[in-house]
There are 2 protein chains.
Amino acid sequence: MELQEAKDKFIQAWGTFGSQWGINRTMTQIHALLLVSAAPLSADDIMEQLQISRGNVNMNVRDLIDWGLVYKVLKPGERREFFSAEKDIWKVFRQVVKQRRKRELEPVFGILEEVLKVQGDPKDPEYKAFVEPVRDIQKIASRADSTLETLTKADENWFFTMLVKLFK
Amino acid sequence: MELQEAKDKFIQAWGTFGSQWGINRTMTQIHALLLVSAAPLSADDIMEQLQISRGNVNMNVRDLIDWGLVYKVLKPGERREFFSAEKDIWKVFRQVVKQRRKRELEPVFGILEEVLKVQGDPKDPEYKAFVEPVRDIQKIASRADSTLETLTKADENWFFTMLVKLFK
DNA sequence: AATATTTTTCAATAAATTTTGAAAGTATAA
DNA sequence: TTATACTTTCAAAATTTATTGAAAAATATT
């Protein structure tokens with residue numbers, strides 16, 4: 001397989017994967033492209049390689065920067081901006097977990113807490129049918145959440161140490 | 001807060017959460033509704049409570065059954081089918097992980113393996129820029145994958161034992 | 001075997017999301 | 001200051017995804 005073909009396949013796969021998990025396909029494709037590019041790319045480079053418009057590149061690159069996955073790179077003597085992706089995959093992984101936790105998990109916790117304030121007779125089957133599963137979700141979710149938090153604060157070494165410890 | 005209000009809020013929140021993670025909003029809402037209902041519901045019940053069409057109910061309930069999150073319940077003397085959600089949240093969690101692993105992670109592994117067969121000079125910076133991050137992704141993803149696999153095979157007790165072991 | 005009830009399918013439609021591209025904005029250089 | 005190079009914005013268009021609803025299929029009842 002040619003390098004270019006392999007790149008294209010990877011970018012395509014990453015895009016599909018991202019969109020299955022609720023992330024804009026183009027955003028993940030740009031991320032994939034930058035990730036496997038040896039040098040930083042300009043907006044025009046990205047437009048050309050992915051065959052997308054300038055506005056699209058601009059929006060999605062900005063989102064990637066907000067996510068902390070892509071950096072602006074200024075080349076001396078160049079007026080244009082260039083972009084480069086974070087190459088440390090462990091850092092990327094941690095960053096994504098951190099962001100989604102903040103953006104999507106935290107609001108859910110708030111709502112679980114809120115709806116559990118519901119009034120009712122603990123003997124009422126309707127009441128129990130609501131409160132019990134919601135409490136269970138809260139319990140398991142906050143466990144998972146603190147695991148994720150620990151994960152985002154840990155370094156790679158810690159993570160693998162943990163895995164070894166777990167599965168020995 | 002009234003029970004009905006709390007239910008509605010929960011269903012709404014669950015729907016939003018699901019769609020952020022690439023799962024059809026209606027599917028997660030039906031799941032939430034069944035999860036907090038004391039008794040199994042018929043298609044008509046679901047249509048009425050969520051104000052959606054029969055076809056929509058039918059499709060999404062079928063998907064939920066495919067995911068192993070909802071069961072058909074046959075009531076003696078009743079011709080209609082009723083539906084009930086798996087109430088064991090730990091089981092739900094495991095089931096979702098298991099399914100998404102199979103449906104979405106496995107194909108990605110296949111592609112990573114394939115594109116890593118790419119020909120090239122290991123000294124070439126372009127080649128390295130491609131192969132290195134992709135290898136890293138493969139490494140971290142297969143670690144994460146085996147953790148998830150273990151998770152789906154484990155029981156709840158094992159999970160919490162592990163957490164305690166980890167964070168003590 | 002004819003009728004009644006319920007479920008399933010799927011083409012058409014609606015809704016949500018993404019993308020475009022041209023105009024406005026900004027910064028640098030002549 | 002004016003021109004030039006580049007970036008950002010955002011309403012309109014295109015695309016993708018979800019939903020409807022009526023007809024067909026399946027299943028049960030008389």
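Atoms considered below: every heavy atom in the structure, side chains included; atoms not considered: hydrogens, waters and symmetry mates. Residue numbers start from 1 in every chain, and the chains themselves are labelled A, B, ... in the order their sequence lines are given, proteins ahead of strands.
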- Item | Heavy-atom pair of closest approach, residues A:Gly15 and A:Gln29 | CA-CG, 3.8 Å

- Item | Whichever hydrophobic residues join A:Phe83 through chains of side-chain contacts under 4.5 Å | A:Ile11, A:Ile23, A:Met27, A:Ile30, A:Leu33, A:Leu34, A:Leu41, A:Ile46, A:Met47, A:Leu50, A:Ile52, A:Val57, A:Val61, A:Leu64, A:Ile65, A:Trp67, A:Leu69, A:Val70, A:Val92, A:Val96

- Item | Euclidean distance, atom CD of residue A:Glu78 to atom P of C:dA29 [Å, nearest integer] | 12 Å

- Message: Show, in sequence, the C-alpha distance, side-chain angles and deciding distance for A:Asp145 and A:Ser142, and conclude whether the side chain to side chain donor-acceptor pair (under 3.5 Å) test is met.
- Response: CA-CA 5 Å; A:Asp145 185 59; A:Ser142 52; over 6 Å; no

- Looking at residues at least two apart in the chain, or sitting in another chain, which of them share a salt bridge (charged side-chain N to carboxylate O under 4.0 Å, His left out) with A:Arg62? none

- Query: Between D:dT7 atom C1' and A:Met47 atom CE, what is the distance in whole Å?
  - Reply: 12 Å

- Task: Find the distance A:Glu81:CD to D:dA5:C1' and express it as a whole number of Å.
- Result: 12 Å

- Report yes if at least one side-chain N or O of A:Arg62 is closer than 4.0 Å to OP1 or OP2 of D:dT9; otherwise report no. yes

Atom pairs under 3.5 Å: protein N/O with N/O of nucleotides 20-22 of chain C:
from, atom 1, to, atom 2, distance (Å)
C:dT20, OP2, A:Ser53, N, 2.6
C:dT20, OP2, A:Ser53, OG, 2.9
C:dT20, OP2, A:Asn56, ND2, 3.1

- Rest of the hydrophobic cluster containing A:Val73 (Ile/Leu/Val/Met/Phe/Trp/Tyr, side-chain heavy atoms under 4.5 Å)? A:Phe82

- Stepwise, does the side-chain contact (heavy atoms from CB on, under 4.5 Å) test hold for A:Glu86 with A:Gln95? CA-CA 10 Å; A:Glu86 171 60 55; A:Gln95 196 64 23; over 6 Å; no

- Partner residues of B:Glu113 under the side-chain contact (heavy atoms from CB on, under 4.5 Å) criterion, sequence neighbours left out: B:Gln138

- Item | side chain to side chain donor-acceptor pair (under 3.5 Å) evaluation trace for B:Asp8 with B:Gln12 | CA-CA 6 Å; B:Asp8 291 344; B:Gln12 176 56 40; over 6 Å; no

Dump the pairs, protein N or O against N or O of nucleotides 28-30 of chain D, anything under 3.5 Å, distances to one decimal.
from, atom 1, to, atom 2, distance (Å)
D:dA28, O4', B:Arg79, NE, 3.3

Please tabulate, for side-chain N and O atoms in residues 116-133 of chain A, each donor-acceptor pair with protein atoms closer than 3.5 Å (sequence neighbours left out).
from, atom 1, to, atom 2, distance (Å)
A:Asp121, OD1, A:Lys123, N, 2.9
A:Asp124, OD1, A:Glu126, N, 3.1

Let me check something: any side-chain donor-acceptor pairs from residues 102-111 of chain A under 3.5 Å, sequence neighbours excluded? List them with distances.
from, atom 1, to, atom 2, distance (Å)
A:Arg103, NE, A:Gln99, OE1, 3.1
A:Arg103, NH2, A:Gln99, OE1, 2.8
A:Glu104, OE1, A:Arg100, NE, 2.9
A:Glu104, OE1, A:Arg100, NH2, 3.2
A:Glu104, OE1, B:Trp21, NE1, 3.2

- Message: In whole Å, I'd like the distance from the CZ atom of A:Arg80 to the P atom of D:dA5.
- Response: 12 Å

- Message: Near DNA chain D, counting only heavy atoms under 4.0 Å, which residues of residues 63-77 of chain B show up?
- Response: none

- Message: Quick check on contacts: within residues 15-45 of chain B, what sits under 4.0 Å from DNA chain C by heavy-atom distance?
- Response: none

- Item | side-chain hydrogen bond (donor to acceptor under 3.5 Å, both in side chains) against A:Glu48, all qualifying residues, sequence neighbours excluded | none

- Could you list who else is in B:Leu74's hydrophobic cluster, with ILVMFWY side chains joined at under 4.5 Å, directly or through other members? none

- Message: Between C1' on C:dT6 and CZ on B:Phe82, what's the gap in Å once rounded to a whole number?
- Response: 12 Å

- Item | Nearest-angstrom distance from the residue atom CG of B:Asn58 to P of D:dA24 | 18 Å

- Task: Determine whether B:Arg135 and B:Lys139 make a side-chain contact, defined as any pair of heavy atoms from C-beta on separated by less than 4.5 Å.
- Result: no

